[in-house]
There are 2 protein chains.
Amino acid sequence: MQSRPSRPPIAFLLTQVGSHAAGKFAERLAPLDLAPPHAGILRAIAVNAGMSQQALSGYLHILPSRLVTLVDELQERGLIERRDSPEDRRVYALHLTPKGQTALEAIARIGREHESAVCAPLTDDEREQLGALLLKIAEAEGLVPGVHPGFGRMGPPRGNPRDHQGGASELSRDSGKLRRAPRRGK
Amino acid sequence: MQSRPSRPPIAFLLTQVGSHAAGKFAERLAPLDLAPPHAGILRAIAVNAGMSQQALSGYLHILPSRLVTLVDELQERGLIERRDSPEDRRVYALHLTPKGQTALEAIARIGREHESAVCAPLTDDEREQLGALLLKIAEAEGLVPGVHPGFGRMGPPRGNPRDHQGGASELSRDSGKLRRAPRRGK
DNA sequence: TATTGTTATACTCTATAACTATA
DNA sequence: TATAGTTATAGAGTATAACAATA
């Protein structure tokens with residue numbers, strides 16, 4: 001009796017498709033041995049070289065305590081550097097290394113592939129429409145263009161925790177001289 | 001120099017807006033003292049009364065071990081019942097209680113409010129367009145209409161864990177006779 | 001005293017294995 | 001032997017407090 005076929009609510013479709021897209025992006029990023037938060041950090045540092053961990057924490061909405069681990073991991077891979085800040089000896093100035101630049105380019109390529117895959121079922125006109133509509137909602141909700149709320153959420157498939165045995169490029173703490181002073185806690 | 005204003009990639013907007021919508025839904029659900037997975041379970045049981053926990057687990061993509069806790073919580077609140085299955089004494093037949101029916105209606109109301117809020121910046125025509133475009137992507141990705149991938153993700157604001165002290169309606173295990181046999185582990 | 005980076009701690013969700021009762 | 005529900009356990013993310021060095 002209803003001429004238009006019933007469709008799930010838009011809010012539900014947004015949650016479902018958005019969650020799926022996030023998961024797929026994490027999958028596509030996994031071959032680089034990076035998770036979405038890593039990619040977000042690299043990008044933020046590239047745009048704003050020398051920013052502090054505090055600034056990064058506020059910008060990406062990642063807690064400082066979690067950022068320490070993520071920055072450690074990126075530094076262990078040689079993708080970023082913690083440089084001493086000349087003005088304030090408390091803060092680190094975060095910078096991309098050349099290797100980090102290369103990684104960022106790989107991430108950008110994966111981002112384009114991801115975009116193509118997600119938009120595959122749409123025509124060019126439809127992509128234009130969808131982009132405009134999503135942007136309208138994002139702006140109404142006060143979302144900042146380059147940041148999502150809750151970066152670490154929507155877990156990436158970092159492989160099964162149980163599979164970590166002879167792993168080749170696994171992350172291990174305490175590999176080399178990271179950070180300035182040991183600052184050994186009590 | 002570019003006539004069209006540049007816009008973030010659609011895949012990114014989807015992730016951002018979808019994550020935000022999920023978080024808002026969890027917020028709107030919080031006054032009922034329910035999280036999104038609880039709502040999904042109630043709805044699934046309403047549609048398919050008497051289904052087993054295994055079936056529910058497969059349908060909602062929640063691990064059986066996690067389902068035990070969620071079903072416990074709903075049963076403690078008197079929203080659902082575990083009835084003995086006459087055919088197979090291993091399985092529980094899950095049913096809504098009258099109180100569960102009432103809760104489901106409250107959830108539906110909240111769902112409508114949520115839909116209105118998310119779609120607020122759009123005209124009726126735009127809502128129609130957006131719904132059709134999202135459905136197109138969802139179908140292309142093989143997403144099942146009523147289920148999202150990763151139900152428990154995108155954390156709800158269940159209140160700060162630290163605030164659990166004199167809480168009124170907090171969940172406590174072992175309150176009443178749940179389940180069939182004690183099945184005391186070794 | 002306040003701030004930056006850090007460690008410690010607790011809770012939640014995810015994921016797997018193992019176990020009991022039943023088929 | 002296989003299956004339903006459950007428990008135990010490990011890992012990762014979220015969140016807060018507290019700490020040392022520095023401002």
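The shown structure was predicted, so the numbers you read here are calculated from the model rather than taken from an experiment. Chain identifiers are assigned alphabetically (A, B, ...) following the order of the sequence lines, protein sequences preceding nucleic acid strands; residue numbering begins at 1 within each chain. All values below come from the heavy atoms of this structure, side chains included, with hydrogens, waters and symmetry mates left out.
- A close approach under 4.0 Å does occur between a side-chain nitrogen or oxygen of B/Gln54 and OP1 or OP2 of D/dA4.
- Considering only side-chain atoms of B/Asp88, the nucleotide from C/dT22, C/dA15, D/dG5 that sits closest is C/dT22.
- When each of D/dA23, C/dA23, C/dG5 is scored by its nearest atom to the side-chain atoms of B/Arg89, the top-ranked nucleotide is C/dA23.
- Every side chain to side chain donor-acceptor pair (under 3.5 Å) that B/Gln53 has, sequence neighbours left out, goes to B/Arg82.
- Partners of B/Arg127 according to the side chain to side chain donor-acceptor pair (under 3.5 Å) rule, which considers only residues two or more places apart in sequence or in another chain, do not exist here.
- When heavy atoms are screened at a 4.0 angstrom cut-off, B/Ser52 is found touching the sugar-phosphate backbone but no base atom.
- Following rounding to the nearest Å, B/Asp84 (CG) and D/dG5 (C1') show an atom-to-atom distance of 13 Å.
- Counting atom types as modelled, A/Arg90 pairs a side-chain N or O with a base atom of C/dT3 as donor and acceptor under 3.5 Å.
- The distance from atom CG of B/Leu63 to atom C1' of D/dG11 is 14 Å, rounded to the nearest whole Å.
- For the side-chain contact (heavy atoms from CB on, under 4.5 Å) test, residues two or more places apart in sequence or in another chain that qualify with B/Ser65 are B/Leu63.
- None of A/Leu94, A/Ile62, A/Leu70 except one satisfies the side chain to side chain contact (heavy atoms under 4.5 Å, CB included) rule with A/Leu56; the exception is A/Leu94.
- At whole-Å resolution of the value, CD in B/Glu87 and P in C/dA23 are 11 Å apart.
- If you check distances only, the side chain of B/Ser65 never reaches the base of C/dT14 with a donor-acceptor pair under 3.5 Å.
- Going from atom CD1 of B/Ile62 over to atom P of C/dT14 covers 8 Å, rounded to whole Å.
- Partners of B/Glu81 by side chain to side chain donor-acceptor pair (under 3.5 Å), not counting sequence neighbours, listed by chain and number: B/Arg83.
- The CG atom of A/Leu70 sits 14 Å away from the P atom of D/dA15 (whole-angstrom rounding).
- Taking every side-chain heavy atom of B/Gln53 into account, D/dT6 is the closest of C/dA23, D/dT6, C/dC13.
- Identified under the ring-ring contact (aromatic ring centres under 6.0 Å, His included) test for residues 94-120 of chain B, with sequence neighbours left out: B/Phe25-B/His114.
- Looking at the side chain of A/Val68, the nearest of the listed nucleotides C/dT7, D/dT6, D/dT16 is C/dT7.
- We find that CG of B/Leu94 is positioned 12 Å from C1' of D/dA4, with the value rounded to whole Å.
- Relative to the side chain of A/Val91, the nucleotides C/dT4, D/dT14, D/dT6 differ in distance, and C/dT4 lies closest.
- Salt bridge annotation for B/Glu128-A/Arg7: present, with a cationic side-chain nitrogen under 4.0 angstrom from a carboxylate oxygen.
- Using a distance-only test at 3.5 Å, with no hydrogens or angles considered, a donor-acceptor pair links the side chain of B/Glu126 to the main chain of B/Thr123.
- Between B/Tyr92 atom OH and C/dT22 atom P the separation is 10 Å, expressed in whole Å.
- Atom CD1 in A/Ile80 sits roughly 14 Å away from atom C1' in C/dG5 (whole-Å rounding).
- Each end of the helix from C/dT1-D/dA23 to C/dA23-D/dT1 gets its own axis from five base pairs, and the two axes differ in direction by 20°, given to 10 degrees.
- Using a 4.0 Å cut-off, some side-chain N or O of A/Arg82 falls inside it from OP1 or OP2 of C/dT6.
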